Amino acid sequence: MQSKEGVAVFWFRRDLRLEDNAGLYYALKSGKPVLPFFIFDKEILDDLKDKDDARVTFIYQAIEELKAALKKLGSDLLVVYDTPEYAWKKVLEKYSVAEAYTNHDYEPYAAQRDTQIAASLKGRGIALKTYKDQVIFDRGEVLKDDSKPYTVFTPYKRKWLETLKPFYLTAYPNKKYFKNFYLFEAPAMPTLKEMGFVKSDRVFPDKEYRDVMDDYSKTRDYPGIKGTSRIGIHLRFGTVSIRQLASDGNSCNEKTWLNELIWREFYMMVLYHFPQTMDHAFRPEYDRIQWVNDEKQFEAWCKGETGYPIVDAGMRELNATGYMHNRVRMITASFLSKDLLIDWRWGEHYFAQKLLDYEMASNVGGWQWAAGSGTDAAPYFRIFNPESQQKKFDPDLKYIKKWVPEYADFTKYPRPIVDHKFARERCLKAFKAALNR
Ligand SMILES: Cc1cc2nc3c(=O)[nH]c(=O)nc-3n(C[C@H](O)[C@H](O)[C@H](O)COP(=O)(O)OP(=O)(O)OC[C@H]3O[C@@H](n4cnc5c(N)ncnc54)[C@H](O)[C@@H]3O)c2cc1C
């Protein structure tokens, strides 16, 4: 039954959990019965090339779990497959909606979508109330003294840590208000097939992260061992709470892991304040670089057939699992943009298709860092040597043996597609020419 005064709709997006969810907490406290709502967004799904895209399966399973948990509470999850505009139309036709709640999303597409939906709801007298949930500090909370956004990590981090108080790490006690969910039965969810997808058989990382925190600074750079958490996909879709993670990271003696969570927020805020950087160099002069953009070499890089074992191992790990170790992300990105002189955007798009933990802000940030064009970027003349990176970070070839088994027999392993010494000189010339103009 619908309540007389109307329901408060809570719109789930990148916050797929009931506990410690900011927007949901405020909806539940509003006093109105809360109708949980999720959209499988056609605008996003129709652009995905792989019909067994594992991220869609991950979201699908998370939504099934949410729905089951809500049903146990006598409520349900309304799931619609459509564009946000039409999905909302369907909700408004069927229910008397008094208010709408959701959490902030900082990506350019999401910001635009939310502005449109908020305007259309406003036209019907419904406020869309939005909350900070996926970060500890929001767009206006960590700014320079002149109120401008930071563009360098270290001072951002200093201010972030100065601003941090226990309050910001405290979980929202959603459970206390679970009785306020709207009691209803939603129609069946659209199936993956109806949305044009098939179930992926990828194994997803679990939600455990505490096991790596204590030794993180000693282990995090070695791709042959499990020295990092692989929590990225859960952060991406909000199946874990950033407050919980940051709180654990902050109470750990070793703060390096917390530092990485701060990098994540830094890149989110850079993308929010400088949305043009999603496909333009943060330092505009870098858009003048004359890339070689050799398609065959790009293909060899994508397949992990460059003849540089550490690069090939990384690309094969990515293709097979949807994950690549951070150190190897840096090496493969540097190799593409500097050794092959291929536009960093090509690599960014490839990672975007393949990474389970794909996050536009961190991906663009990481790629622009590697290419030298971003905030905090490595100076362009600092060019990773893939061989010395391999010796330093995979000294016993544990990682390489796993992903490039034929490397054990050198005669079967392809020759490098480019000579590093030559590539280095070519890169320096191209970058200098662009920057000194
Ligand atoms: C070229 C390139 C592309 C990248 N693309 C992405 C991406 O699409 N999505 C993504 O989440 N990260 C990206 N990163 C950052 C980093 O590589 C991954 O976050 C990390 O490897 C994920 O592994 P983990 O979950 O085991 O992280 P951990 O090492 O256990 O760190 C915990 C969490 O901190 C955050 N984090 C860690 N390192 C970074 C970093 N350097 N920048 C921003 N956040 C960080 C992530 O949310 C991560 O899950 C990229 C880095 C590079 C160099």
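Keep in mind it's a predicted model, so treat the numbers as computed, not measured. Just so you know, residue 1 is the first one in the sequence shown, and it goes up from there. Order of listing sets the numbers, starting from 1, for every ligand and every atom in it.
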Under 4.0 Å to a heavy atom of [X] - the qualifying atoms of ligand 1, by number:
| X | answer |
| --- | --- |
| A333 | 1 (C) |
| Y358 | 8 (O) |
| M330 | 53 (C) |

Taking the six-membered ring for Trp, are [X] and [Y] closer than 6.0 Å centroid to centroid?
| X | Y | answer |
| --- | --- | --- |
| F335 | F384 | no |
| W11 | F38 | no |
| F237 | F58 | yes |

Region of [X] that comes within reach of ligand 1 [heavy atoms, distance under 4.0 Å]:
| X | result |
| --- | --- |
| Y216 | side chain |
| Y267 | side chain |
| N326 | both |
| L355 | side chain |
| S229 | both |

Parallel, tilted or perpendicular: which describes the rings of [X] and [Y], with under 30° parallel and over 60° perpendicular?
| X | Y | value |
| --- | --- | --- |
| F12 | F10 | perpendicular |
| Y156 | F266 | tilted |
| F153 | W263 | parallel |

Inset, instruction - Run the salt-bridge test on D357 and R55 with the 4.0 Å N-O cut-off and return the result as yes or no. - result: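 Salt bridge: no.
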Looking only at non-hydrogen atoms, which of [options] approaches [atom] most closely?
| atom | options | result |
| --- | --- | --- |
| atom 40 (C) of ligand 1 | M360, R264, E260 | E260 |
| atom 2 (C) of ligand 1 | G365, A361, G366, A352 | G366 |
| atom 47 (O) of ligand 1 | L235, V212, L356 | L235 |
| atom 13 (C) of ligand 1 | M324, K354, E359, R329 | R329 |

Protein heavy atom at shortest distance from [atom]:
| atom | answer |
| --- | --- |
| atom 23 (O) of ligand 1 | Y323 OH, 3.1 Å |
| atom 4 (C) of ligand 1 | N363 OD1, 3.5 Å |
| atom 9 (N) of ligand 1 | D357 O, 2.8 Å |
| atom 32 (C) of ligand 1 | W257 NE1, 3.4 Å |
| atom 43 (C) of ligand 1 | S362 OG, 3.5 Å |
| atom 24 (P) of ligand 1 | R230 N, 3.4 Å |
| atom 33 (C) of ligand 1 | L261 CD2, 3.8 Å |

Cation-pi check, [X] to [Y]: give yes when NZ or CZ is under 6.0 Å from the six-membered ring centre and within 45° of the ring axis, no otherwise.
| X | Y | answer |
| --- | --- | --- |
| K338 | Y380 | no |
| R329 | Y323 | yes |
| R158 | W160 | no |

Legend entry - Protein non-hydrogen atom found under 4.0 Å from atom 38 (N) of ligand 1: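 Within 4.0 Å of atom 38 (N) of ligand 1, protein heavy atoms are found.
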Legend entry - Name of the residue among Y60, Y81, Y86 meeting ring pair (Phe, Tyr, Trp, His ring centres under 6.0 Å) with F40: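 Going through the options one by one, the only one that passes is Y60.
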For ligand 1, is there an N or O atom under 3.5 Å from any N or O atom of [X]?
| X | answer |
| --- | --- |
| H325 | no |
| W263 | no |
| I231 | yes |
| G232 | yes |
| T228 | yes |

Inset, instruction - Mind checking the CG-CG spacing from L245 to L258? Nearest 0.5 Å is all I need. - result: 10.0 Å
Inset, instruction - Identify which one of R13, K129, R14 satisfies the salt bridge (Lys or Arg N to Asp or Glu O under 4.0 Å) criterion when paired with D114. - result: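 With D114 as partner, R13, K129, R14 yield a single salt bridge (Lys or Arg N to Asp or Glu O under 4.0 Å), made by R13.
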Inset, instruction - Please answer whether the main-chain N or O of G372 pairs with a side-chain N or O of Y286 as donor and acceptor at a distance below 3.5 Å. - result: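 Here the side-chain-to-backbone pair exists.
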Legend entry - Donor-acceptor under 3.5 Å (D20 side chain, Y172 main chain):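 Checking the backbone N and O of Y172 against the side chain of D20, a donor-acceptor pair under 3.5 Å is found.
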